[in-house]
Novice: 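The structure that follows is given in the form of structure tokens.
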2 protein chains.
Amino acid sequence: MGASKTASFSVEQNEMANLFKALAHPARIAIVDYLLSVDTCICGDIVEVLPLAQPTVSQHLKELKNANIIKGTIEGTAICYCLNPETIDKIEHHFGAIRQKLKNKCC
Amino acid sequence: MGASKTASFSVEQNEMANLFKALAHPARIAIVDYLLSVDTCICGDIVEVLPLAQPTVSQHLKELKNANIIKGTIEGTAICYCLNPETIDKIEHHFGAIRQKLKNKCC
DNA sequence: TTATTATATTGCAATATTACGATATTATAA
DNA sequence: TTATAATATCGTAATATTGCAATATAATAA
């Protein structure tokens, strides 16, 4: 086949898998890194920072936006991208919960 | 193309992307969930729990093992799988660091 | 030895992802 | 209006992922 059997898993499991899929590429990790490294959110220069062509960067940004990892607002002729703290928290909590459960185990 | 331009990004960025790739599938999230839900690590019944054929489950387990998210030790004729707390910590710290950096920003 | 049981590997078809040139869109500037 | 600049979308080729039947391997049991 090739398609994931999405319907066989819970909504939560698919949701987390989609979040991780959005982060499962070095270019998208680099975009997150860059957004963290600059002071403001006016970031019309992401394309120049990455070693990829403009359409490719645009596609990666779209995936991060679809996963709610970043937010984009139009700022004149440029677009202002920011990380979405809510989604970051969501992922961190997921691992916090895992670690809590791991504590109460033998291993 | 189709292949990621791995060489264009830092070791750390590729490392994190690979960790997320290993978690970017609902079946693998479900495996992690299941490993957390059982008391011990003797888990020869993962195949029965998932809605996938045995070779498919075996393949997903292999990917989690390659990413160091789970560890497997031979336990007689069965194999005992456990989560690897070190990797879980690593990912949680990654998001902890992101959240810290986000705090020191406007947005 | 020959079953039996549990897990891994191989091979392949279906689908998804990645990357980019060409082109379109959108907003401002002249 | 006609540039110009920034970003998005389309189309397509190369590669990766997913899933499973068939088969192989490894460890114990009879």
Side-chain angles (χ1 to χ4, degrees), chain A residues 1-9 13-14 17-31 34-35 40-67 69-82, chain B residues 1-9 13-14 17-31 34-35 38 41-67 69-82:
Chain A
M1 306 252 166
S4 299
K5 292 181 88 176
T6 301
S8 305
F9 299 97
Q13 287 168 340
N14 279 297
N18 279 330
L19 275 180
F20 294 132
K21 194 183 286 183
L23 292 169
H25 193 287
R28 297 195 287 271
I29 298 288
I31 289 173
Y34 180 68
L35 286 180
T40 67
C41 278
I42 299 127
C43 329
D45 47 350
I46 294 180
V47 172
E48 271 115 81
V49 174
L50 293 181
L52 296 169
Q54 180 268 325
T56 308
V57 175
S58 187
Q59 197 176 280
H60 284 306
L61 286 168
K62 189 181 181 183
E63 280 170 68
L64 287 171
K65 230 187 316 180
N66 286 343
I69 292 168
I70 63 175
K71 295 184 279 191
T73 35
I74 295 161
E75 198 81 27
T77 174
I79 288 195
C80 156
Y81 282 114
C82 285
Chain B
M1 306 250 164
S4 298
K5 293 180 88 175
T6 301
S8 305
F9 299 98
Q13 287 167 340
N14 279 297
N18 280 331
L19 275 181
F20 293 132
K21 195 184 284 183
L23 292 169
H25 193 289
R28 297 196 287 271
I29 297 289
I31 290 173
Y34 180 67
L35 286 180
V38 291
C41 279
I42 298 128
C43 328
D45 46 351
I46 293 180
V47 172
E48 271 115 82
V49 174
L50 292 181
L52 296 169
Q54 180 267 325
T56 309
V57 175
S58 187
Q59 195 176 282
H60 283 306
L61 286 168
K62 190 181 180 184
E63 282 170 67
L64 287 171
K65 230 186 318 180
N66 286 342
I69 291 169
I70 63 175
K71 294 183 279 192
T73 35
I74 296 161
E75 199 81 26
T77 174
I79 288 194
C80 156
Y81 282 114
C82 285

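Reminder, nothing fancy here: chain letters follow the sequence lines and each chain counts from 1. As a basis for the values below, the full set of heavy atoms in this structure was taken, side chains included, without hydrogen atoms, waters or symmetry mates.
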Novice: Show the nearest heavy-atom pair for residues A/L50 and A/A30, with the distance to one decimal.
Specialist: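 Between these two residues, the closest heavy atoms are CD2-CB, 3.7 Å.
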Novice: Check the distance between D/dT7's P and A/K65's NZ and give it to me in whole angstrom.
Specialist: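 A/K65 atom NZ is separated from D/dT7 atom P by 11 Å.
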Novice: Return the value, rounded to whole Å, for the distance between atom CG of A/N66 and atom P of D/dA8.
Specialist: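 Rounded to the whole Å, the gap is 11 Å.
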Novice: Summarise protein proximity over nucleotides 19-25 of chain D in one line of letters, 5' to 3': B for base, S for sugar-phosphate only, - for none, counting protein heavy atoms closer than 4.0 Å.
Specialist: BBBB---
Novice: What residues form a side-chain contact (heavy atoms from CB on, under 4.5 Å) with B/Q59, not counting sequence neighbours?
Specialist: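 B/Q59 satisfies side-chain contact (heavy atoms from CB on, under 4.5 Å) with B/E63 only.
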Novice: How would you list, by chain and number, every residue that makes a side-chain contact (heavy atoms from CB on, under 4.5 Å) with B/N18, sequence neighbours excluded?
Specialist: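 Once residues adjacent in sequence are excluded, the partners of B/N18 under the side-chain contact (heavy atoms from CB on, under 4.5 Å) criterion are B/K21.
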Novice: Check the distance between D/dT17's P and B/L23's CG and give it to me in whole angstrom.
Specialist: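 Atom CG in B/L23 sits about 14 Å away from atom P in D/dT17.
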Novice: May I have the distance from A/K21 (atom NZ) to D/dT18 (atom C1'), rounded to whole angstrom?
Specialist: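 A/K21 atom NZ is separated from D/dT18 atom C1' by 10 Å.
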Novice: A/K5: which residues meet the side-chain hydrogen bond (donor to acceptor under 3.5 Å, both in side chains) condition with it, sequence neighbours left out?
Specialist: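 side-chain hydrogen bond (donor to acceptor under 3.5 Å, both in side chains) check on A/K5 returns nothing, list empty.
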Novice: Whole angstroms only, please: what is the CG-P distance between B/L64 and D/dT18?
Specialist: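 It works out to 11 Å between those atoms.
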Novice: Could you give the CD-to-P distance, from B/E48 to C/dT5, as a whole number of Å?
Specialist: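 Rounding to the nearest Å, CD of B/E48 and P of C/dT5 are 12 Å apart.
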Novice: Would you kindly give the NZ-to-C1' distance between B/K62 and C/dT7, to the nearest whole Å?
Specialist: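 Rounded to whole Å, this separation is 12 Å.
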Novice: Using the side-chain contact (heavy atoms from CB on, under 4.5 Å) criterion, which residues pair with A/K62? Sequence neighbours excluded.
Specialist: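 A/K62 satisfies side-chain contact (heavy atoms from CB on, under 4.5 Å) with A/N66 only.
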Novice: Output all residues satisfying side-chain hydrogen bond (donor to acceptor under 3.5 Å, both in side chains) with A/S4, sequence neighbours left out; order by chain, then residue number.
Specialist: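 With sequence neighbours excluded, A/S4 shows a side-chain hydrogen bond (donor to acceptor under 3.5 Å, both in side chains) to B/H25, given in chain and number order.
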Novice: Could you tell me how far apart B/L61 (CG) and C/dA6 (P) are, to the nearest whole angstrom?
Specialist: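 Between P of C/dA6 and CG of B/L61: 15 Å.
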